[in-house]
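Since the model is a prediction, treat every value here as computed from it, not as a measurement.
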Amino acid sequence: MNILLIGSGGREHALAWSLSASPICDRLFIAPGNPGTAQHGTNIPIDVTDHAAVIDFCRTEKIDFVVVGPEAPLVAGLVDDLKTAGIKAFGPSKAAAQVEGSKAFTKDLCAEFNIPTAVYRRFTDAETAKTYVRNYGVPIVVKADGLAAGKGVVVAASFEEAEAAIDMMIGGGLGAAGAEVVIEAFLEGEEASFFALCDGRTAIPFGTAQDHKRVFDGDEGPNTGGMGAYSPAAVLTPELQARVMREIIKPTLAGMQARGTPYTGILYAGLMLTKDGPQLIEYNARFGDPETQVLLPRLKSDLVTALAAASDGVLDSISLQWRDEAALTVVMAAKGYPGAVEKGSEIRGIPAAEALADVLVFHAGTKQDGDSILANGGRVLNVTAMGRTITEAKKRAYEAVSKIDWPEGFCRRDIGWREVERERG
Ligand code: AMP
Ligand code: GLY
């Protein structure tokens with residue numbers, strides 16, 4: 001099978017690593033890719049927002065299967081256009097990608113199909129929204145309806161904060177994404193992520209993870225795309241996972257099918273484990289980043305077979321095997337992230353880190369410059385290790401981090417702390 005993978009982050013390096021290891025993968029191309037993906041296939045500098053160019057490339061190179069990594073091309077309808085052109089693709093249609101593209105869409109879906117989530121209201125008028133908040137009380141959560149690159153959620157502890165968020169969003173601070181807001185109840189509990197592979201009718205569990213969104217140790221500082229993650233998430237016990245499948249994932253698939261927009265692809269559920277049970281915080285229509293970097297090293301089964309079965313609607317014919325080991329990834333970011341960062345500093349020592357047993361270094365924001373690797377973004381490397389426990393994986397991952405010589409970068413030192421404490425007992 002010739003495969004084209006769309007994307008250029010750490011998630012795509014992990015996907016490229018896993019796809020290229022498949023016995024049924026002949027040639028792998030990545031558009032646009034990064035220096036990490038180039039170790040597993042051929043990077044192609046095409047503009048993935050130009051769907052006609054992607055389709056042309058698929059025809060020229062006889063691509064059998066396209067795997068879409070990020071949300072933007074899904075929400076833009078790339079999978080629809082590929083399918084219309086007769087090219088098999090992994091990921092939801094534009095209509096189904098609304099589970100991530102519109103928070104109001106997902107909240108309404110939950111309401112219609114009885115899926116546990118925080119109570120909510122939708123608003124397009126700032127004054128009406130503020131009156132609702134005044135009557136409801138704080139804490140309360142204000143969310144922009146559309147994709148806002150991680151800036152669309154404000155957990156407001158005071159009326160002032162909630163009102164400022166409403167004014168910023170409806171006032172156009174996030175562009176069209178904030179023209180409508182969802183205001184919802186603040187949920188208390190521990191967060192965890194649950195992944196399901198879906199073919200429109202059938203969903204099968206695809207692992208669990210927890211991540212660290214705040215930039216500094218102790219979960220302090222501004223939110224980021226994720227500073228590290230680990231899998232499995234032991235808080236999601238087998239009983240809780242069964243409950244998530246029964247109460248959240250299956251009704252979502254059934255609801256999407258009933259609406260005539262079946263969901264195919266990976267469904268990434270962000271959950272709050274409340275005292276009343278798991279509640280849906282949000283859906284993503286794609287693999288997580290950096291969660292994929294800890295899920296895929298644990299997958300024993302062939303990834304290409306699994307993703308193709310989802311696209312072909314035959315997931316009921318496969319089962320997935322997972323390794324018992326845990327995986328943990330530490331994100332190395334450029335100083336200043338999640339704010340402005342300098343690009344172009346040199347990173348040394350990646351080969352020394354990769355030489356350690358059970359360690360994988362995934363590239364996220366890097367650039368090849370002759371024989372050198374340069375920083376080229378905010379989140380730059382994902383240093384990943386396996387171990388019998390999260391504690392062991394953490395120790396190995398930080399040993400690998402210590403081999404990397406990059407004065408202009410930083411990382412959190414406490415990835416996995418919750419789980420390490422639990423394992424210590
Ligand atoms: P994201 O949507 O990924 O930018 O992240 C939003 C984050 O805000 C989540 O990971 C939670 O930590 C928090 N959050 C979102 N909705 C709620 C809620 N209803 N109650 C409490 N925390 C929330
Ligand atoms: N790590 C969070 C995400 O992929 O959205």
Side-chain angles (χ1 to χ4, degrees), residues 71 75 95-194 213 223 243-244 246-256 258-259 261 263 267-285:
E71 63 276 20
V75 170
Q98 288 302 295
V99 299
E100 175 163 3
S102 165
K103 299 220 189 298
F105 174 96
T106 296
K107 297 301 286 191
D108 288 354
L109 185 83
C110 289
E112 186 177 345
F113 298 99
N114 245 324
I115 297 161
T117 192
V119 292
Y120 74 105
R121 288 269 307 270
R122 302 169 55 168
F123 298 93
T124 50
D125 175 67
E127 290 317 310
T128 322
K130 289 182 200 171
T131 307
Y132 176 76
V133 170
R134 285 275 167 194
N135 290 332
Y136 185 91
V138 286
I140 198 162
V141 184
V142 183
K143 300 185 173 183
D145 174 55
L147 293 181
K151 298 187 179 69
V153 176
V154 174
V155 178
S158 66
F159 288 119
E160 291 67 31
E161 255 182 283
E163 290 179 359
I166 291 166
D167 282 334
M168 181 274 285
M169 291 178 194
I170 295 182
L174 300 173
E180 176 165 354
V181 299
V182 168
I183 297 187
E184 68 179 35
F186 174 78
L187 297 172
E188 259 178 286
E190 184 168 341
E191 284 185 65
S193 302
F194 182 90
K213 286 212 167 60
N223 260 321
R243 192 166 170 191
V244 171
R246 192 171 64 241
E247 295 181 1
I248 298 180
I249 304 294
K250 286 189 176 164
T252 298
L253 272 234
M256 293 295 281
R259 286 179 168 195
T261 54
Y263 190 92
L267 186 60
Y268 162 176
L271 303 171
M272 189 70 88
L273 307 179
T274 72
K275 62 176 178 19
D276 304 321
Q279 304 248 349
L280 181 71
I281 298 178
E282 60 165 3
Y283 273 137
N284 293 311

Spell out, as yes or no, whether a donor-acceptor pair under 3.5 Å connects the side chain of Y263 to the backbone of A285. yes

To the nearest 0.5 Å, atom CD of E282 lies from atom OG1 of T117 at 10.5 Å

Can you name the nearest heavy-atom pair linking P251 to I115, along with the distance? CB-CG1, 3.8 Å

Less than 4.5 Å apart, side chain to side chain, heavy atoms only: is that true for L109 and M256? yes

What pairs with A176 under side-chain contact (heavy atoms from CB on, under 4.5 Å), at least two apart in sequence or on another chain? none

Would you confirm whether T106, through its side chain, and V99, through its main-chain N or O, come within 3.5 Å as a donor-acceptor pair? yes

Of all heavy-atom pairs linking Y283 and I248, the shortest is OH-CG2, 3.2 Å

Counting distance only, does the side-chain N/O of K275 pair as donor-acceptor with the main-chain N or O of E188 below 3.5 Å? no

Counting only heavy atoms not in K130, do more than 12 sit closer than 6.0 Å to its NZ atom? yes

Tell me the closest heavy-atom pair linking A144 and G178, and the distance in Å. CB-CA, 3.9 Å

The reported gap from CG in L174 to CG in D145 (rounded to nearest 0.5 angstrom) is 11.5 Å

Could you walk me through whether E163 and R134 pass the side-chain contact (heavy atoms from CB on, under 4.5 Å) test, one step at a time? CA-CA 9 Å; E163 290 179 359; R134 285 275 167 194; 3.1 Å; yes

To the nearest 0.5 Å, how far apart are CG in L187 and CD in Q279? 5.5 Å

Mind checking whether E184 and V153 have side chains closer than 4.5 Å, heavy atoms only? no

Can you measure from NZ (K103) to CG (L147) and round to the nearest 0.5 angstrom? 8.0 Å

